[in-house]
Number of protein chains: 2
Amino acid sequence: MNIGEIARRAGVSRSTVSYALSGKRPVSEKTRRRIQRVINEMGYQPNASARALARGETRALGMVFPPASSHYTDMQLAFIGGVVEAAGAHDYDVLMSPRGADVDASFQRLVGERRVDGVILMEIRLQDPRVERLRDTGFPFVTIGRTGNPEGTAWVDLDYLNLVRRCVRHLSDLGHHHLAFVNRSEKLLRSGYESARRGLDGFEVALQETGLTGTAYTCDDDAAAGERCVQQILSSQPEVTGIVTINEASLGGLYRGLADAGRKIPRDMSVTGISAERWAEAVTPALTAAAQPALEMGRIAIDLLLERMRTPEKPARHQLLTPRIVLRASTGPPPVLGE
Amino acid sequence: MNIGEIARRAGVSRSTVSYALSGKRPVSEKTRRRIQRVINEMGYQPNASARALARGETRALGMVFPPASSHYTDMQLAFIGGVVEAAGAHDYDVLMSPRGADVDASFQRLVGERRVDGVILMEIRLQDPRVERLRDTGFPFVTIGRTGNPEGTAWVDLDYLNLVRRCVRHLSDLGHHHLAFVNRSEKLLRSGYESARRGLDGFEVALQETGLTGTAYTCDDDAAAGERCVQQILSSQPEVTGIVTINEASLGGLYRGLADAGRKIPRDMSVTGISAERWAEAVTPALTAAAQPALEMGRIAIDLLLERMRTPEKPARHQLLTPRIVLRASTGPPPVLGE
DNA sequence: TTGAAAGCGGTACCAG
DNA sequence: CTGGTACCGCTTTCAA
């Protein structure tokens, strides 16, 4: 079933059918109705590939995401949900391509073969060759997260530095003096993963500002790693009374580790950080934390991207989010010495 | 940059370039090299839309998933990850389209406009009009989950009925007599959501088989709902000593509710069920549960789908998974009376 | 208000 | 081994 067939049955030309559909040229009421009737009868829908070829646009947006060999974190997945939903609202589909290993191949396929009209990049590194590449080509794109030098690109990001800083302040205000910081994995940190890096920077800056002491730890993205991390913290720095974490996937293990060590939250140990609401509320006591507004970030990413696509001449915008810290039940004053 | 330009610069015809690329016709070594050199110089990549139009296939698979207004469950998201990854391994991209509200529109767009070569459906209802529709059209598709009458369709599913049954048996073997079942939301259950329905069936069958008593509860997908649900259980059936849950998103709240009521797990209350490993290990004590092998199911779905696409004449296959229950720390014998 | 026809960028058949 | 060309299905310009 194609447009020619519809035209034949309606007794008009193909172009008239096309115009009746697009409305880009006036079509008399009676022919329009006749055409519409045939279309309904036949259940005709125009072929997307043909349309894309003729129009030069696919009405699809690309989403490039990490190799993620084993498992995705909640956050990554939530972004995807937000992006797909927001794109749908604008009548765009989302095309996902992992193509892991090869850094380029992933979006070379999406962009090079013109499968999509624009791209969203996640899991940004401070030095990210993909971003450089895209910036050079002029292809519309947006990053969730930002590089070390994001000028001239469109991005949406969480202000990890200041969020972590606020967490430290919060603990400082409560009277804590010795803190630990639970970061993402060693591997991610080393590879210049931006949120891990900026979170760490925030921790260090905050220590200086407040005069507190503290140490940063890296931790893999699972419960077992969280347990190990706590053990490490407790054994190497028994004086720690407050923990700041940006590793939500290890949160459950972190709590368990503390429980196993006989440390009650928040009586013996305060815990705070950045985490999706889902995780913050799943643990007991619920975590005082800044939320990852993943859905909203997805929405913003789409808005920025559509803007790039529609008005490429305008300078790229960005948005840095600093959600407030939601007080729940996991922080309190440090235990009184000798008690 | 298109194939004509490459042909011109290499001094050959367009068809020769095409054949050099596809290998579907012998091309002399020297012309092949010449062509390849030009392609490399120009950074040429064939246009996907044009290719799709000419070949009649898009090399993209569709993923239709629920409106999911607010948030997706972990499980849904994990499926997506698994599917995308598996598809990538076969050189297919995955096109996602939510198009919420309208039940049909979602895949009418993907299928009707031939944006994809095959479709994966999730969030299946026992009576699912989308499945009927697709079955009629003969378009290749696979469901994650199955309808009440899945004959002749390709699907991969978890055997909720038997998994829940095993959970009940496990508690029965430990000596429990009074159980509660925590299902997904009332709304999902009513709408014929298959896993909710089949899980409930399993619970009822198991009670009959074992002679235990028990009641089923519905629960929304969040921690707060989990807390409420526990309160309800404890007040309406104080004799309950074992809980079976298939609602992982409420798990944290369920644990908290028990803690607040002064019930220790597993001393005063055993808890078991079906849950992604991530959640099962996040709670303390870790949950004895059957895992949702989401990644694997995604992989299987892709395999089945490609099979449908390549050999539509062969009868549709399916796969029913019954992962074993992983013993962790949340179940034990019931408290001794009067102790 | 409508029709004819030239693309869009590939693929693959028919000839040579 | 290679070239010419019809065609995939739709959009849009040109002409009437």
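We name chains A, B, ... by the order of the sequence lines, and we start the count at 1 in each one.
- Per the geometry, CZ belonging to A/Arg115 stands 13 Å off P belonging to C/dG10, to the nearest Å.
- The salt bridge (charged side-chain N to carboxylate O under 4.0 Å, His left out) contacts involving residues 305-315 of chain B comprise B/Glu307-B/Arg317, where partners must be two or more places apart or lie in separate chains.
- Look at B/Ser18 and you'll find a side-chain N or O under 4.0 angstrom from OP1 or OP2 of C/dT11.
- As rounded to whole Å, 13 Å separates atom P of C/dA12 from atom CZ of B/Arg14.
- One can place CG of B/Leu21 at 16 Å from P of C/dG9, the figure rounded to the nearest angstrom.
- Within 6.0 Å of the CZ atom in B/Arg33, the count of heavy atoms belonging to other residues, nucleotides or ligands does not exceed 12.
- Looking only at side-chain heavy atoms (C-beta outward), A/Pro293 and A/Leu321 come within less than 4.5 Å of each other.
- Using a 4.0 Å cut-off, no side-chain N or O of A/Ser15 falls inside it from OP1 or OP2 of C/dG3.
- Between A/Phe79 and A/Ile120, the closest side-chain pair of non-hydrogen atoms is not below 4.5 Å.
- Here B/Val27 lies in heavy-atom contact (under 4.0 Å) with sugar-phosphate atoms only.
- Between the side chains of B/Ser18 and B/Ser15, no donor N or O sits under 3.5 Å from an acceptor N or O.
- What separates CD of B/Glu5 from P of C/dC8 is a distance of 12 Å, to the nearest Å.
- Not counting sequence neighbours, the partners of A/Leu53 by the side chain to side chain contact (heavy atoms under 4.5 Å, CB included) test are B/Ser49, B/Ala50, B/Leu53.
- Counting heavy atoms from C-beta on, the side chains of B/Leu134 and B/Val111 come closer than 4.5 Å.
- Contact check, A/Ser13 against C/dT2: no side-chain N or O comes under 4.0 Å of OP1 or OP2.
- Proximity of a side-chain donor or acceptor of B/Asn40 to a complementary backbone N or O of B/Arg37 within less than 3.5 Å is not detected.
- Helix-axis bend for the helix from C/dT1-D/dA16 to C/dG16-D/dC1: the local axis fitted to the five terminal pairs at one end deviates from that at the other end by 40°, rounded to 10°.
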Grab the N/O contacts between the protein and nucleotides 14-16 of chain C below 3.5 Å, and write none if there aren't any.
residue, atom, partner, partner atom, Å
C/dC14, N4, B/Arg25, NH1, 3.4

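- In the region residues 29-57 of chain A, proximity to DNA chain C at under 4.0 angstrom, judged on heavy atoms, holds for A/Thr31, A/Leu53, A/Ala54.
- Environment of CD in A/Glu132: crowded, with over 12 heavy atoms of neighbouring residues, nucleotides or ligands closer than 6.0 Å.
- To the nearest angstrom, P of C/dA12 lies 11 Å from CD1 of B/Ile3.
- A/Lys24 places its NZ atom 18 Å from the P atom of C/dT1, with the value rounded to the nearest Å.
- Residue pairs meeting the side chain to side chain donor-acceptor pair (under 3.5 Å) criterion with at least one member in residues 135-156 of chain A, sequence neighbours excluded, are A/Arg146-A/Asp157.
- Summarising the geometry of A/Arg114 relative to A/Thr58, their closest heavy-atom pair is O-CG2, 3.4 Å, with the distance given to 0.1 Å.
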